[in-house]
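Take a look at the structure below.
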Amino acid sequence: MDESQLTNRCPMCGKENAPDVERCTFCHAALKAFNAEPKPAETSAEDDWLNNLRAGNGLDNSVKQAEYSEEQKSTDNLSQEEDEDASDWLQRIGQGGDEDQLENPQPSESESVQPSGDNQADFLSGLRESAAIEGEETLSEDVSDDWLEKLRLPTQENVLPESADILESSEADAAALFGEEEDNLIRLDSLSSWQSRLSLEDQEGTAEDDTSPLEPHSSAEEEAEIGNGAENTFANAADQIPSESSSQESMEVPSWLEDLQNSAFPAQPVDFSKESVPVPDWLQGLVSEESAPEQPIESQETSQPEESYQTEEDDFQPDWLRALRSDTGSRESASALNEDTPSDLPQKTGNEIEQLAEDTQGSTFSLDREDDLSELRNGNAQEPFGETELAGELPDWLKDFASESGQEGLTLAGLEETDSKLEKSEPSEEMFSPAESLSDEEQPGFSEEPSLILEDENENAAPEPAEILSELGEFEYVPREETVEQEGEIPYWLTALQPEEAEDTAEAALPFEESELPDWMKPEPVHDEPEIPAFLPDFEIDRHNSAIQNSDTMPFEAGELPTWLDEVSEPLEKTSSRDVLNSHEDIAPAELPSWLKEMKPRSAPNQSFAELNVFQQIGPLAGMQEVLPTSEQNRTFPANLAQAGKLLVSDEQLKSAEIISTLLDKMSDSAKLSSPGDIKVNRWIKPAISLILMLAILIPLLSGNRANAEPSEMTGPGMQAYSAVQNLADDSPVLLAFDFEPAYSGELSYGGKAMLQQLLQKNVRLVFVSTNAAGPVLAETFLQETLNSLTPEWTTEAVVNFQMRNVANLGYLAGGTASLQEFVRNPQQATRFGLKAAMDGVSTWSLPALNNLDSVDDYALVVVLTDSSETGRAWVEQVQPHLNGHPLIMVSSSVAAPMLMPYVESGQIDGLVAGMTGGYKYQAKVGQGNYHGNADAALKAASLVVILFLSAGLIFFGIQNRRSNRFKE
Amino acid sequence: MKAMKAPIAAAIAISVGLIILAGYFLPFPLLQSVRAVLLGWAVSLIGVGVIIGVVNLILNQWRSIRSKSQPIVYSVLLILSFLLTLLFGLVLTPANPGFQRVVTAIQIPVEASLLASISVVLILAGFRLLQKKKGWMAVVFLVSAIVYLLIGSGIIFAGSVSGNGLGAFLIRLPIAGGRGILLGVALGSLVAGIKILFGAERPYNG
């Protein structure tokens, strides 16, 4: 059993894991593919020949090879057709080895014993023998000095297994690096075919466990030719092994085989200065930096077999690979061997891949590569090529292969090409149908050999095996996931190639600084450009597009853009809606018409109400902000707005509005509140005036007896009235009209009672009439009071008789002064019901006082007691014309006297007793004892007080006004 | 309907006015008879108007009581006074001396007191006249009031004034002013009558 299986060591990271885990706990690599126990027959066959190598049984292998070759002679005839194919690749190997030997004549330690050609033959034969003869101890000295010695001597026994594992792990990474997965698979298939035959032979033959991968190629003739030289040997071997490999297989030499073959060559230090092939700078830098043992490995670049092999494989290689090889020449092999010095790998792969990307446009493979290359440029290559696309399209056996081998970096394109090549190799598969019996798990063991190593092995510059193994031992597989997590921008297959020197960090492994990286390898800032939603308007989309175009992340410069793209992009910028809106060049500014300018507000640009800190002052919205303040808005209207309003309002309406405005102003003036001083004055001045007036009236009334005082002589209208009454004949009808309000009864009582007393003394008939409702009652009152005043002279019986015979109260004339005309024309109709008719039940017009009084002109005298000039004027205008010369005298108030005086002077009124003063005089004229001197004195005192107040106001405020006028002046 | 009423009312108003006016100047018996009938209708309508006014006054006060928008005390007093006066007047008749005391004992003192209050207000207004109305007219008004108070109260010119003196001038001055006012009133009444007769003024349209 393998040691790694016992300890469950990860073949990738080399760390030990628990025995039961299937994946490495450190690198998550699949442990089963390498450590799981294979099928007994297969693993035994594989392990045996490896153990042979590991155990240092080179000599045994040679013996076994000889024996095995003999046994195979019987079976060679069965596979002659395959030998034809196998001869080709064997020839290349032989040529390569021969050429290497020619170019590197320095023999190795083993070559000092045997020529190199023999070494190769021994190597092959030894392998065959080790695969054919299991456990055979016979070992010839002739073959013990083969190339296996070179492997065995420097590395000792414990080196080979580790190097084998590392080779297995590095194969996938190297294949992924150069996109040769398909080639590897093809070679794997070819190997599996002959390996399967080995297993078949193992089953059929004596060998049970030990299997050799190179079992059928050896023959006696072949071995003989091998000793003559590699070239001839391989050429002959190709011809003489018809049953082994086909021509197709010969083209598809497994890489591990080439690697082993090259490793068998002695390490030859190479002087780069002597190399004809130009060495790139990065490689030279590596050479200068690397230690001396690495130089021989790099010297293997110049390998003619590589070129020959390449030319034959052109049909299966993509263009980019051809270009890679053509450009770099034999440098590929050296770089492949320098996988243990991967510091130069990113740089190299970057340059090459970039060139390849340009060269391989159009091909299906290159398309995938371009994608990968773009990912590589962007540093976003987190997954191997086409990994996600691989699952659904891979065949089952390939899936198993991929999953178990940990070779996850297979690209879809690579697999497609692999499939195509497999289809081409179907005849060989049919021919070697036993190969199908091999399980898939065996295949990775061979397929994981790096093909580039095989190619390099064909070169002449073979390094020391110890150095190779030591260098290979330094190469460790970097798990993909960790690489992705740590470096992110570099795919895992690149990081796998990157050296990890035990405890050193990646920085120590990098041979160059980041500044030395090419521009496209430098990590570019990732611009997370948001996706532009489709629902955005055009100008938003244009803005995003313009922003993208202006950004530094554009992969192409303006000069690199094709012309047609410029033609497309330029109109897009010009026709964007935003640009159209921003460009005012084509839009001529319009001129506002004059009438529109007039309507335009002239105020400053409006500020928001919040800025103005305006609050609604009145109304239900008072205190609220952002409410239309009417007062502020009114200010924004132009001054000529009133002129516009004039168009709708006529001049008359404006005048009416002015009148209303004036009235409202007056109302507002009158509504003004009085000042506190005025209020205080009004509080005490009114009572003061009332008190003074009362005192002025009461003091004359209460002081002394002025009954005997002589009034002034009555003259004028009073005297005419007195004369008119005096001239009445006895029992003459006198019409007394009591047309005054009760309020004026006190003023009119003096002249009225005096005149009524005079009439009683004349024994006339008295007819009372009134246009006022209270007039008839006032007439009765005046009569009663006058009769009472005549009490001493007139007895009660005389009074009653007088009232029954000489007095008639017609009552109230409905309709006021308007009824005077009717009363004049038809007194009986106008005064149908007298005052006492309802009470006494006697018809008014049946009274004796009204006998022969059918009209107004029947009255000898008409006396009108009135307090207003209008009533007096009505009597003068409506009745006086119908009196037929009978006198009309009036007793009036002082207020109505001036208005009745004109009628007195015109003769329409025959006498007038005006006011209290005229009453006092008339009273005194009628009877001296009737004069009320105290009342006359009280009237004069009150009038004097009023005059004093008016005079005081006139003087005080007159002076105040004069001062104010002077102050203003 | 309203358009039809307007010319009819105008025609009636104009025709009645012309008939009354013609009755003043033309001594035709028929015209006088028609004039008397029309005047009788006018007096009766005026009496009906007084009744309508009294009813309207009572209803307004009643509405004020129900609406309670104003103090109801005065409205209640008015309605009660009206009802009591009406009741006493219908029962006792206005010729009853007791009912006549309603006028002599209530109406005359009340109205006389109102006149006394007016006199005090007028005195105060005359005192502050120059404070409110500045100008020569106010001064003239106050001086005229003072002078004619002196003349009316008998303080000066207590006797008859004759001749062409200042006293006679001052006494005739108000008579002259009164006459001018009466003439103006007469002219105004004449113009208003003529405008009504010719239909220029139609106060009856309401």
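Naming convention: chains lettered A, B, ... in sequence-line order (proteins, then strands); numbering from 1 in each chain.
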Choice from B/Val110, B/Thr93, B/Val50 maximising heavy atom contacts with chain A below 4.5 Å: B/Thr93
Contacting region of B/Arg101 [heavy-atom separation from chain A under 4.5 Å]: neither
A/Glu741 versus A/Leu778, closest heavy-atom pair with distance: C-CD1, 4.3 Å
Max heavy-atom pair count under 4.5 Å with chain B, selected residue of A/Met916, A/Glu780, A/Gln960: A/Glu780
Distance in Å, A/Lys925 NZ paired with A/Lys921 NZ, rounded so as to fall on 0.5 Å steps: 12.0 Å
Flag for B/Arg63-B/Asn60: side-chain donor and acceptor within less than 3.5 Å: yes
Closest-packed option against chain A by number of heavy-atom pairs under 4.5 Å, given B/Gly177, B/Ala42, B/Ala95: B/Ala95
Residue selection (most heavy-atom pairs with chain B, distance under 4.5 Å) from A/Leu950, A/Leu939, A/Leu944: A/Leu950
Which portion of A/Leu954 sits near chain B, non-hydrogen atoms under 4.5 angstrom: both
Contacting region of B/Leu129 [heavy-atom separation from chain A under 4.5 Å]: neither
Between A/Ile947, A/Val777, A/Leu948, the one whose heavy-atom pairs under 4.5 Å with chain B are most numerous: A/Ile947
Heavy-atom pairs under 4.5 Å with chain A, option from B/Leu142, B/Leu115, B/Val121 with the top count: B/Leu115
Atom of A/Val876, atom of A/Met890 and distance for their closest heavy-atom approach: CG2-CE, 3.4 Å
Closest contact, heavy atoms only, A/Thr871 versus A/Thr771: CG2-OG1, 4.5 Å
Value rounded to 0.5 Å, distance of CG in B/Leu182 from OG in A/Ser906: 9.5 Å
Engaged part of B/Ile46 at the chain A interface, taking heavy atoms whose separation is under 4.5 Å: side chain
Proximity of A/Tyr922 and A/Tyr750 rings by center, below 6.0 Å: no
Distance in Å, B/Ile123 CD1 paired with B/Arg128 CZ, rounded so as to fall on 0.5 Å steps: 14.5 Å
Residue among A/Glu877, A/Arg825, A/Met901 with most heavy-atom pairs under 4.5 Å to chain B: A/Arg825
Spacing of CD1 belonging to B/Ile79 relative to CG belonging to B/Leu84, to within rounding of 0.5 Å: 12.0 Å
Heavy-atom pairs under 4.5 Å with chain B, option from A/Ser951, A/Gly811, A/Pro776, A/Gly915 with the top count: A/Ser951
Distance in Å, B/Leu59 CG paired with B/Ile52 CD1, rounded so as to fall on 0.5 Å steps: 11.5 Å
Contact listing (chain A partner; residues 183-194 of chain B; heavy atom under 4.5 Å): B/Val185
Heavy-atom pair count under 4.5 Å with chain B, highest-scoring of A/Ala688, A/Ala914, A/Pro898, A/Ser894: A/Pro898
Side chain to side chain, B/Ile58 and B/Phe82, heavy atoms closer than 4.5 Å: yes
A/Ser964, part contacting chain B, at a heavy-atom distance under 4.5 Å: side chain
Parallel, tilted or perpendicular: rings of A/Phe823 and A/Trp875 (30°, 60°): perpendicular
Interatomic distance, B/Ile151 atom CD1 to A/Thr917 atom OG1 [nearest 0.5 angstrom]: 11.5 Å
